[in-house]
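Structure, as structure tokens:
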Amino acid sequence: MAQPNYRAPKGTADMLPDIARVWEHLLLVAQDLFARYGYEPVYSPVFEHTDVFVRGIGEATDIVGKEMYTFEDKGGRSITLRPEGTASVVRAVLEHNLTANGQSTKLYYSGPMFRYERPQAGRTRQFWQIGVEALGMADPTADAEVIALMMQFFEDAGLPRERLQLLINSIGDENCRPVYRDTIAQFIRSHAGDLCEECVRRAETNPLRAFDCKNEGCRTVMGQAPQLRDELCDDCAAHYAAVKTNLDAVGVSYIEDPTLVRGLDYYTRTVFEVQAEGLGAQSAIGGGGRYDRLVEVFGGQPTPGLGFALGFERMFLALQAAGVEVPRPEIAEVFVARTVPELATEAFAITQRLRDGEIAAEMDHQGRSLKAQMKVADRLGAQFVVLVGPDEVAAGQVTLRDMTTKDEQRVDIADVVDVLYEALADVYMDEAEDMLDAIDGSEEI
RNA sequence: GUGGGUGUAGCUCAGUUGGUUAGAGCGUCGGACUGUGGCUCCGAAGGUCGCGGGUUCGAGACCCGUCAUCCACCCCA
């Protein structure tokens, strides 16, 4: 329709089958992989009290400052659609005391997030994320494990490693970061003449983000600034070194990026981001880090935490750019066609009989000609067609057509399911053998 | 919030310096001797040319506005 009465709201999109299939593929890959790493699923509400995000993510962040979908509900409460997952999950963990007595927890979540932004390639107002949160683990092995898990996800999802860049950095903790912040703020003020207005303003709000500025001049100036890696306190430096050692130990390659500063206030020490090819200007496909103070922000006992999140829309773009296809499964193994409209009920009964036998069966519900039904059967990828005609029905039979060989045989209706079991088994055996041959031909087993 | 591009059949797009019944490919539907698919051939359906206003004898094409969409800035997944 050129001018529909209704459209999906700006920044949202309908996930039609070709896309929804990829979503489900990603979800399945994640469920399988994350479980192997000891993570359990959690579903927190899609909206929270606004304060959860304001305090959790940080008042000075762009997310809280201008991107939240906030509204008042009928009870006068300020409610916000979640712009990210970590704050909600940590709130839930605390609310249910999952980290009592020093217990650790590993959780993963997935679902839509909401941010009021101007849409562009790889950025929508409603977007899907999947992420993990690990609470109660301070060791650098945990950092390495979370990062390794994220990289493994990309691999399992079919995204070639060579199209990805893993960037890591340490942004210090409550001891060394404030000192460094002041150092940078000072640096910015003393170079105010050579920096853009935005960066000068950042000196007062969030000086570290001046490193992120795309402006050429700012980049060169900030390149001269003291680097946090040289200013880390002993504990943070040791932790960061150990994270790298552990990544090295398991063969996860990374690039150290001293300018990597994430836009959420809760991060401490380790931060990381993965960039992928083919995403347009929004090249980050996933990211995360450690947040050792976040639980306290919500009033809990000091509890270390860390996690990552990655975006499905961007995964989709990256997979597409890499030429990775998620196969479309056959919709029907068997199509039941009737030669005359009067036999619709008989055809329906047989279709249901097949489905009861767990055979993927389909039939026509539009009263179409036999020829048209055959076309549909072909398009759906049916291996066999069950022909229901007056002659057959009179004899309590149907005609079974093999769509590959075109062989046809009469089968008693009572035996259709069993005959199809065997016929389909043969088909699948042949396919399996072909696959094995293909593997044999290409690599040693 | 700022800037730029684009808006023609279900999809991808053509539509010459404004001129008569708006086109193609794909898809869909039907047919090619009567109960049968994939190839080929033939045919059909389907368009308020985003919307509103203006210029003109005449606008899908030009101007203004508006809406939508895309891309970029910002920031992030």
Side-chain angles (χ1 to χ4, degrees), chain A residues 1-13 16 18 26 57 60-67 82-86 110-131 150 196-199 201-202 206 209 212-215 260-264 273-276 279-288 307-318 335 337-343 366 368-393 398-404 406 408:
Chain A
M1 225 191 276
Q3 183 205 20
N5 288 324
Y6 295 101
R7 292 167 169 267
K10 183 190 274 289
T12 67
L16 300 179
D18 281 344
L26 294 176
I57 298 170
T61 61
D62 280 2
I63 292 178
V64 171
K66 53 187 191 189
E67 297 172 3
R82 61 180 181 194
E84 57 102 50
T86 302
S110 66
M113 305 295 163
F114 307 85
R115 257 123 96 159
Y116 190 87
E117 297 185 273
R118 194 75 171 263
Q120 71 182 76
R123 177 203 276 164
T124 50
R125 290 183 172 180
Q126 175 177 149
F127 56 99
W128 279 77
Q129 280 193 171
I130 189 160
M150 181 169 70
C196 68
E197 291 177 28
E198 182 63 28
C199 283
R201 199 174 322 130
R202 280 171 174 144
N206 198 341
R209 266 200 273 156
D212 265 349
C213 192
K214 299 281 196 309
N215 188 305
L260 179 62
V261 181
R262 317 218 77 238
L264 294 83
E273 181 171 303
V274 173
Q275 305 199 334
L279 297 190
Q282 309 303 321
S283 55
I285 193 171
F308 68 73
L310 47 91
F312 275 21
E313 282 79 1
R314 293 183 188 179
M315 276 295 293
F316 179 83
L317 292 175
F335 191 92
R338 74 244 175 298
T339 62
V340 292
E342 296 72 44
L343 290 173
Q366 302 182 83
R368 303 219 262 187
S369 70
L370 179 59
K371 190 188 189 73
Q373 293 178 71
M374 291 300 291
K375 278 190 178 178
V376 174
D378 188 58
R379 198 173 57 221
L380 296 181
Q383 305 282 352
F384 296 92
V385 165
V386 170
L387 277 166
V388 183
D391 298 349
E392 291 90 333
V393 170
V398 293
T399 295
L400 187 59
R401 177 183 177 87
D402 183 323
M403 291 295 272
T404 312
K406 300 186 179 181
E408 296 191 353

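Just so it is clear: chains get the letters A, B, ... in the order the sequence lines come, proteins before strands, and each one is counted from 1. All heavy atoms count here, side chains included; hydrogens, waters and symmetry mates do not.
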Original post:
Can you check whether V376(A) reaches R379(A) side chain to side chain, under 4.5 Å on heavy atoms?
Top reply: yes

Original post:
Is the side chain of Q373(A) donor-acceptor paired with the backbone N or O of R338(A) at a distance under 3.5 Å, no angle test?
Top reply: yes

Subject >> Watson-Crick/G-U partner (both atom distances under 3.5 Å) of U2(B) >> reply: A72(B)

Subject >> Most 5' of A309(A) and R118(A) on RNA chain B, judged by nearest nucleotide >> reply: R118(A)

**OP:** Provide the Watson-Crick or G-U wobble partner of C62(B), both distances under 3.5 Å; none if there is no partner.
**Re:** G54(B)

**OP:** Sort out the partner of U34(B) for me: Watson-Crick or G-U wobble, both distances under 3.5 Å, none otherwise.
**Re:** none

Subject >> G-U wobble or Watson-Crick pairing nucleotide for A45(B) (cut-off 3.5 Å, both distances) >> reply: none

Original post:
So what does R368(A) hit on the nucleic acid, given a heavy-atom distance under 4.0 Å: a base, only sugar-phosphate, or nothing?
Top reply: sugar-phosphate

Original post:
When all nucleic acid strands are considered with a 4.0 Å heavy-atom cut-off, which category describes E313(A): base, sugar-phosphate, or nothing?
Top reply: nothing

**OP:** Go ahead and name the base partner of G27(B); Watson-Crick or wobble counts if both distances stay under 3.5 Å, otherwise write none.
**Re:** none

Original post:
Reckon A121(A) touches a base, only the sugar-phosphate, or nothing at all at heavy-atom distances under 4.0 Å?
Top reply: sugar-phosphate

**OP:** Just call it for G122(A): base, sugar-phosphate, or nothing, with non-hydrogen atoms closer than 4.0 Å on any strand.
**Re:** base

**OP:** Could you check whether L387(A) gets within reach of a base, just the sugar-phosphate, or nothing at all, counting any heavy atom under 4.0 Å?
**Re:** base

Subject >> Separation of A77(B) P from E84(A) CD (nearest whole Å) >> reply: 8 Å

Subject >> Pairwise P distance for A24(B) and U69(B), with rounding to whole Å >> reply: 31 Å

**OP:** Report yes if a side-chain nitrogen or oxygen of Q373(A) is closer than 4.0 Å to either non-bridging phosphate oxygen (OP1 or OP2) of G37(B); otherwise report no.
**Re:** no

Original post:
NA contact type, T404(A), heavy-atom cut-off 4.0 Å: base, sugar-phosphate, or nothing?
Top reply: nothing

**OP:** Using whole Å, report how far CZ of R314(A) lies from C1' of C71(B).
**Re:** 14 Å

**OP:** Could you check if a side-chain atom of W128(A) sits within less than 4.5 angstrom of a side-chain atom of E313(A), using non-hydrogen atoms only?
**Re:** yes

Original post:
For the side chain of R338(A) and the base of G35(B), is some donor closer than 3.5 Å to an acceptor across the two?
Top reply: no

Original post:
For G286(A), does its backbone N or O pair with a side-chain atom of R314(A) as donor and acceptor, under 3.5 Å?
Top reply: no

Subject >> Gap in Å between the two P atoms, one belonging to G25(B) and one to C42(B), rounded >> reply: 10 Å

Subject >> Distance, C1' atom - from C62(B) to C49(B), rounded to whole angstrom >> reply: 16 Å

Original post:
Short question: side chain of R125(A), backbone of E117(A) - any donor-acceptor pair under 3.5 Å?
Top reply: yes

Original post:
What nucleic acid atoms does E392(A) come within less than 4.0 Å of, heavy atoms only: base, sugar-phosphate, or nothing?
Top reply: base

Original post:
Checking only heavy atoms, does the side chain of E117(A) share a donor-acceptor pair with the base of A77(B) at less than 3.5 Å?
Top reply: yes

Original post:
Stacking here means centres under 5.5 Å and planes under 30°; does F312(A) stack on A77(B)?
Top reply: no

**OP:** Using a heavy-atom cut-off of under 4.0 Å over every strand shown, decide if A382(A) touches base, sugar-phosphate, or nothing.
**Re:** nothing

Original post:
If we take the C1' atom in both A45(B) and G10(B), what is their distance in whole Å?
Top reply: 12 Å

**OP:** Respond yes when some side-chain nitrogen or oxygen of Q120(A) is under 4.0 Å from OP1 or OP2 of C70(B), and no when none is.
**Re:** no

**OP:** For G7(B) versus U48(B), give the span between their C1' atoms, rounded off to a whole number of Å.
**Re:** 15 Å

**OP:** Under a 3.5 Å limit for both distances, which nucleotide forms a Watson-Crick or G-U wobble pair with G7(B), could you say?
**Re:** C67(B)

**OP:** Classify the nucleic acid contact of E408(A) as base, sugar-phosphate or nothing, counting any heavy atom under 4.0 Å across all strands shown.
**Re:** base

Subject >> Most 5' of T399(A) and Y116(A) on RNA chain B, judged by nearest nucleotide >> reply: Y116(A)

